[in-house]
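Structure first, commentary second.
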Amino acid sequence: MKDRAPGTAQSLKQRIRHELTRLIRVYVVITGLFVVVTALTISFYYKLSELEHQRDLVAAKLGFAADNMLQQMQALGASSVLWTGITDTVGRSIYLEPLLKQFNQLGTHQLFLLDYRGRILLAPDRALAELLLQAAPVVRAVSDAAPGYGMRPGDSLSPELFIYTQPIFSPQLEMPVGFIVGSMNPQAPLKDLALKDDIRVTLGFGEAPKQFKLDETFLLASEKTVWLSRDGKQIPIYLHLAQAQWDKLLFVLVLLMLTFALGDWIVRRINEWAREFAANTTERLDQLVQSCQDILVGRTLNASAQDYDDEIASVFTNLGKMLAQQKVLTDELRTTSLVFTTAAEAILVTDQNGRIVDVNPALIRMTGYTREGLIGQLAGPLYRVAGSDEQPLGIAQALTSQEVWHGETFFFNRDGSHIPTATSISPIVDDKGATIGRVAVISDVTKLKQAEEKLRFLAYHDSLTELPNFRMLNSLVEDRFGETQGEQRSAALLFIDMDRLKALNDNYGHDIGDVVIKAIAKHLAARLPQGSILCRRSGDEFIAIVNLPEGIDLATLRRDYFLDLNQLLVSTAAGLVAASVSVGVARYSVDASNFNDLMICADIALNEAKQTQRGTVVWYEPDMGEKLYRNKLIQSKLVKALTENVLQVHYQPEVDLRTGELIGLEALLRWSDPELGEIEPSEFIHIAEDVHLAEGIAIYVFNQIVKDKPKIRRHFPGVVIAFNVGPQAFRDFRLVNAITEQLEGDEAGLSGLEIEITESDIASGEKNLLKQLRMLAGVGVPVVIDDFGTGYSSLSRLSNFPISRLKIDRDFVASMQSGRQARIVEVIINMAAVLKLEVTAEGVENQAQRQRLIELGCYRGQGWLYARAMPLHELLNLPAVLLPTAAEDLTGMPDVVAAS
Amino acid sequence: MTIKSKSHAMLAAALLVCALTSHKAWAAEPVHIGFDGAYGIKTNTAAKSIERGVLAAMEEINAAGGVLGGRPLRLLTRDNQGLPARAKDNVAELAAVLDMVGVLGGKYSPAIVESFAQGPALRVPLISVWGSADEITDAAGSGSYVFRLSLKDIWGVQALLDRADRRYQAKRVCAVLPNTAWGRSSDSVLKKKNPKTDASVVFTAWYNWGDTSFTETLTSCRNSGGQAVILVANEKEAAAFFQEMARLPVPQRFPVVAHWGMAGGVFHELAGDAVEAVDHQVIQTFTFIDNKRPAAQRLAKSVMATGGFTSLTQIPSPVGAAHAYDMTHLLALAVNKAGSTNGAKVRQALENLPAHQGAVRLYAPAFSAKSHEALGPDQVMFVKIERSGALSPQK
């Protein structure tokens with residue numbers, strides 16, 4: 001900051017007054033000077049012209065008087081009486097005196113006579129004559145015998161005098177016979193002019209007086225030379241009139257004083273005005289400040305500040321707006337700051353070079369670093385890919401652009417350990433959109449990861465045998481038989497069913513049954529070839545997938561494979577127990593070219609084994625394929641059913657478990673065919689997906705719901721209707737387009753709708769799925785994850801999706817009471833709480849489940865405890881609050897599993 | 001040229017005169033006689049004439065051994081230009097010269113009056129050899145250093161009046177007088193005229209030097225019944241007056257009886273033919289014409305020689321030469337009688353001179369303590385000025 005100007009320490013009031021006063025003073029001084037100069041100039045020229053006029057008068061008067069004297073002298077000199085008198089002696093005064101008197105009668109001059117040597121011959125005023133005898137003009141004239149003239153300066157003896165001495169020549173003589181001396185007091189004729197007292201007339205006769213140039217500082221002067229003509233010679237009379245300027249100065253002084261007095265008055269008035277103005281302005285500025293403070297603390301504005309319509313008011317208005325905006329920003333900033341410091345998530349801010357600028361306390365707590373140790377360090381090395389020293393590729397890419405990066409990564413702690421984190425890195429951009437740094441929000445997901453791992457394990461493994469469960473098999477199979485079917489080698493799917501488990505349980509108890517099952521699992525794992533996949537599908541069912549050599553024929557297979565699988569002895573607490581399994585085998589790409597068909601084929605083969613000879617391995621043969629036939633039939637009828645509106649939409653209520661209030665509906669598709677009977681969606685949806693009808697079905701359902709919704713909402717205001725959509729429905733944008741078209745037609749049309757998509761569908765990685773779900777969320781259609789817990793979904797992936805709710809898969813709810821599985825539901829509910837998602841439990845079928853769910857904090861549920869899926873007309877007969885049904889009685893049986 | 005330098009020049013001229021006159025080597029210191037004359041007035045011939053008279057006498061005296069047992073006389077002159085002031089100075093200067101035994105004054109009475117008034121102070125005899133104003137000697141009184149060997153107006157002007165009466169039978173006379181002491185002296189005489197004289201002044205006209213018109217004067221004179229004019233004037237004014245008169249028809253012209261001033265200058269030259277156009281008589285005390293006196297003839301001889309004149313009629317201002325000649329002799333006598341150059345002693349000696357046979361008259365003696373006048377009415381005579389300037393004695 002620059003040094004402040006000296007004046008800036010003053011108050012506004014002082015500055016305004018100071019500045020105005022200064023300006024006015026300058027104005028007054030300049031005006032004063034101008035007035036003075038003008039007055040002086042005018043006065044000077046007026047006075048000068050006046051003086052010149054006086055000078056001309058003096059010149060005329062004096063010239064006349066002097067000329068008159070010279071004329072008189074000449075006349076006297078030419079007088080024969082004089083000549084006679086000069087040559088006369090005693091007694092000549094008789095006539096000379098009258099003569100002189102006659103020539104002196106004007107009184108302006110004095111003539112007297114000298115003899116040839118300059119001695120007084122006759123002088124009316126002898127004293128004067130004797131005085132003048134010493135005067136230079138007289139002495140010179142006598143000496144030169146020629147006219148002499150000049151001034152005699154005034155002194156105590158006489159005033160200043162013009163002296164002219166003229167020799168007298170008689171006609172007979174060459175030499176002067178005497179001299180006439182004429183003297184005149186030049187000031188005397190001027191008395192008639194009544195010159196002003198302050199006009200000083202300085203004169204020179206014959207030669208300029210020396211004092212002409214003196215003392216002119218305060219004098220106005222004018223000069224003139226009057227020329228007298230005498231005997232062909234020019235005799236100058238120099239006039240110098242000087243007039244004191246003091247009166248002018250006095251005039252100017254008065255003028256100046258008047259000017260300054262006026263200036264002073266103006267300054268006072270301005271001062272007064274400036275004081276009032278400044279006070280008023282200050283008061284208004286105070287008001288402005290007060291108003292600003294009011295704005296900042298959110299108070300109502302003081303209206304008085306707006307009574308004006310001037311600059312301050314404008315400033316006030318603009319400042320008010322700015323401050324209001326600023327308040328919002330400040331509040332945001334405060335919130336942000338609060339969030340930054342109090343957030344549970346670790347936050348790390350870097351500059352554009354990746355160097356750490358700031359970290360929040362949560363990060364310090366999480367990682368054990370010191371803040372000082374982190375500031376200025378490169379942030380990159382802190383992120384690590386799990387098991388690698390490298391930074392995740394996504395981060396690096398995100399850092400090269402302005403993209404946001406979300407994902408999971410590891411973060412190195414101070415102690416060298418690394419913790420799993422969910423990290424979100426966003427660019428910080430300035431006003432111009434340039435990236436000036438990045439902010440990373442890092443969540444310690446260690447516990448989630450652990451829960452996830454456990455959940456995954458629980459979800460994908462059989463808890464008894466610790467073998468993969470069927471879900472895991474599904475995903476493994478998808479990996480193997482999915483996209484790369486053509487490259488897949490030959491494989492066999494083994495459907496293995498333990499013989500007589502019920503009897504075993506009945507005979508030895510479930511514990512022995514479980515031991516046997518575990519033993520069978522161990523036996524199967526040991527007997528199957530390396531690289532085989534084995535899973536426990538349900539209580540006594542196992543499925544295995546075994547690679548087969550290429551080109552091997554069935555006969556060879558029957559002879560060489562799986563011969564020792566069937567029989568084993570199990571040592572139990574109850575002694576050795578003989579166990580056997582029946583096995584149905586289907587060959588991939590020989591019996592079926594997809595997993596479902598393969599399963600069906602294997603199942604057919606197993607059924608064959610069970611029905612013919614337990615404890616054997618039966619290889620599928622085509623004539624066993626009834627189920628396959630049904631599938632083909634379904635496939636063929638599906639299009640027709642779809643086009644002829646045979647498919648019906650049923651609704652299953654979702655209630656608040658605490659009150660029974662109906663809060664939502666899940667739309668479910670029902671298909672009843674005369675030939676095929678009731679066909680479950682789980683059966684025909686797979687087929688529909690195979691023939692790419694999934695999307696059409698979804699649109700069909702959507703349209704039906706839209707049609708039904710007004711009736712439903714009229715009956716159950718605020719109720720939300722969810723409908724299931726498979727991933728294939730998102731293959732292109734038809735569904736989303738259909739939904740958004742509905743939005744265009746009816747703004748209210750989408751309210752109260754929810755899309756349900758299974759967790760496994762999300763995990764399928766369908767292209768554009770995320771994008772479309774975001775679009776739907778954007779138009780007000782929330783996304784709900786169905787069958788949660790069954791899919792392979794990472795938390796990071798879930799966090800990327802616009803998910804509003806999770807629906808816990810009915811299997812987990814059903815197994816809540818079995819002890820081991822009970823914790824899965826708890827984990828899911830806790831995890832949803834962390835992710836701030838709502839949770840709905842599916843398949844709630846008894847009071848115990850309901851009670852337990854409420855205890856765990858899950859307050860939404862659906863299931864037979866309240867209602868099954870029902871057609872619209874039945875639904876519309878339901879009350880708003882549902883009571884648990886008598887079906888509860890059925891739930892006493894632990895192994896009854898309801899299928900939708 | 002300044003007055004001073006002019007004075008020096010005149011002094012030089014005087015010394016030259018001395019040198020000329022002192023052709024003999026003199027061992028003794030000269031005894032001085034001064035003369036202050038109006039040399040500067042060009043029309044004036046009196047000064048030169050007086051100088052000649054003095055020199056003539058000195059030549060004789062010095063030839064006879066000088067004075068005081070061998071001391072030569074020497075003349076010192078000054079030019080007063082007719083100015084009384086100048087004359088006063090000149091006389092004072094001359095009187096101050098060592099061994100100055102007498103200072104002569106010439107023409108122009110005012111100058112004489114003015115300069116001789118210093119007599120008591122100068123204590124050197126001051127002698128008017130031309131000036132006629134009564135005042136010259138009358139004012140001096142007893143014990144005066146002022147002497148006169150010249151006409152005196154009291155009887156000279158009376159003589160003019162008488163002459164007008166006798167010569168022209170003019171009983172009614174007009175006086176034309178200069179506005180000076182000379183004129184005033186004449187006027188005084190005319191007013192106090194001799195009761196025996198029949199003629200009387202009926203009109204007096206005063207003129208100033210340089211006046212050129214006398215028409216009014218003549219008209220007034222005629223209107224006053226004037227029959228003749230007594231003219232007191234010097235040559236210049238007289239010439240003007242004559243010319244004025246000459247322009248009048250002859251019957252209207254007045255006969256003029258004139259004082260001798262006009263005879264002391266070149267009147268005939270100035271007046272021209274008017275000289276003869278006006279009948280006139282000019283008073284004189286001496287003439288060379290038919291003068292049998294030995295001294296006069298010696299003088300005439302000397303003057304003619306020094307002046308280069310070929311006839312007696314050519315000698316200008318004869319009275320000046322004669323008076324000066326006589327006075328120089330008288331001074332020489334006085335010096336010798338006084339035996340000293342002391343002014344007081346010479347003055348006393350002048351009052352006690354023996355008889356002396358001069359050019360003008362027999363001085364028996366010239367002066368006395370009571371009378372410092374060397375001439376008297378007996379010496380009065382009249383001349384007519386000829387066109388040539390010659391002064392022809394009139395009966």
Side-chain angles (χ1 to χ4, degrees), chain A residues 74-100 102-103 112-123 129 133 138-148 165 167-181, chain B residues 1-7 9-10 38-44 79-90 107-117 131 133 135-136 139 177-185 187-188 206-213 234-237 240 265 270:
Chain A
Q74 190 175 36
L76 179 60
S79 164
S80 57
V81 179
L82 179 69
W83 296 340
T84 306
I86 292 291
T87 57
D88 201 352
T89 181
V90 183
R92 58 193 160 201
S93 58
I94 294 167
Y95 55 92
L96 275 185
E97 268 177 11
L99 181 71
L100 267 185
Q102 181 192 333
F103 280 98
F112 61 91
L113 302 173
L114 302 183
D115 71 10
Y116 78 108
R117 262 166 66 176
R119 288 162 299 196
I120 295 167
L121 197 63
L122 183 64
L133 281 184
V138 177
V139 172
R140 193 166 57 238
V142 170
S143 164
D144 296 348
T165 307
I168 306 164
F169 288 98
S170 80
Q172 298 170 327
L173 292 170
E174 290 175 357
M175 304 294 290
V177 297
F179 297 91
I180 305 170
V181 177
Chain B
M1 204 185 220
T2 62
I3 295 170
K4 209 169 189 179
S5 63
K6 201 146 191 175
S7 301
M10 287 187 288
Y39 289 98
I41 296 177
K42 302 303 174 193
T43 57
N44 175 31
D79 176 12
N80 62 33
Q81 300 180 323
L83 292 177
R86 199 176 278 279
K88 191 177 175 185
D89 295 337
N90 290 349
K107 197 176 162 188
Y108 305 118
S109 285
I112 307 302
V113 170
E114 187 107 346
S115 58
F116 282 15
E135 204 177 356
I136 295 172
L177 308 176
N179 190 23
T180 67
W182 186 26
R184 289 193 294 279
S185 171
D187 183 50
S188 170
W206 296 90
Y207 69 90
N208 291 303
W209 300 138
D211 284 353
T212 50
S213 175
N234 287 316
E235 61 278 5
K236 205 171 175 184
E237 289 73 27
L270 297 172

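Keep in mind that the numbers below use all heavy atoms, side chains included, and drop hydrogens, waters and symmetry copies.
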* **Pairwise distance CZ(B/F116) to OG1(A/T89) - rounded to 0.5 angstrom** => 12.0 Å

* Asked: Among B/I112, B/N44, B/V113, B/D89, which has the most heavy-atom pairs under 4.5 Å with chain A?
  -> B/D89

* Pairs meeting criterion salt bridge (Lys or Arg N to Asp or Glu O under 4.0 Å) with involvement of residues 76-95 of chain A, two or more places apart -> A/D88-B/R184, A/R92-B/E114

* Partners of A/F112 by ring-ring contact (aromatic ring centres under 6.0 Å, His included), sequence neighbours excluded? -> none

* Asked: NZ of B/K236: more than 12 outside heavy atoms within 6.0 angstrom?
  -> yes

* Drop me the distance from B/R86's CZ to A/D115's CG, to the nearest 0.5 angstrom. => 9.0 Å

* Asked: Do A/T84 and B/E237 touch side chain to side chain, with heavy atoms closer than 4.5 Å?
  -> no

* **Heavy-atom check, side chain of B/N179 versus side chain of A/Y95, under 4.5 Å** => yes

* Asked: Which atoms form the tightest heavy-atom contact between B/L83 and A/P176, and what is the distance?
  -> CD1-O, 4.2 Å

* Structure fact -> Heavy-atom closest pair (A/I86 atom, B/P84 atom, distance to 0.1 Å) is O-CD, 3.2 Å

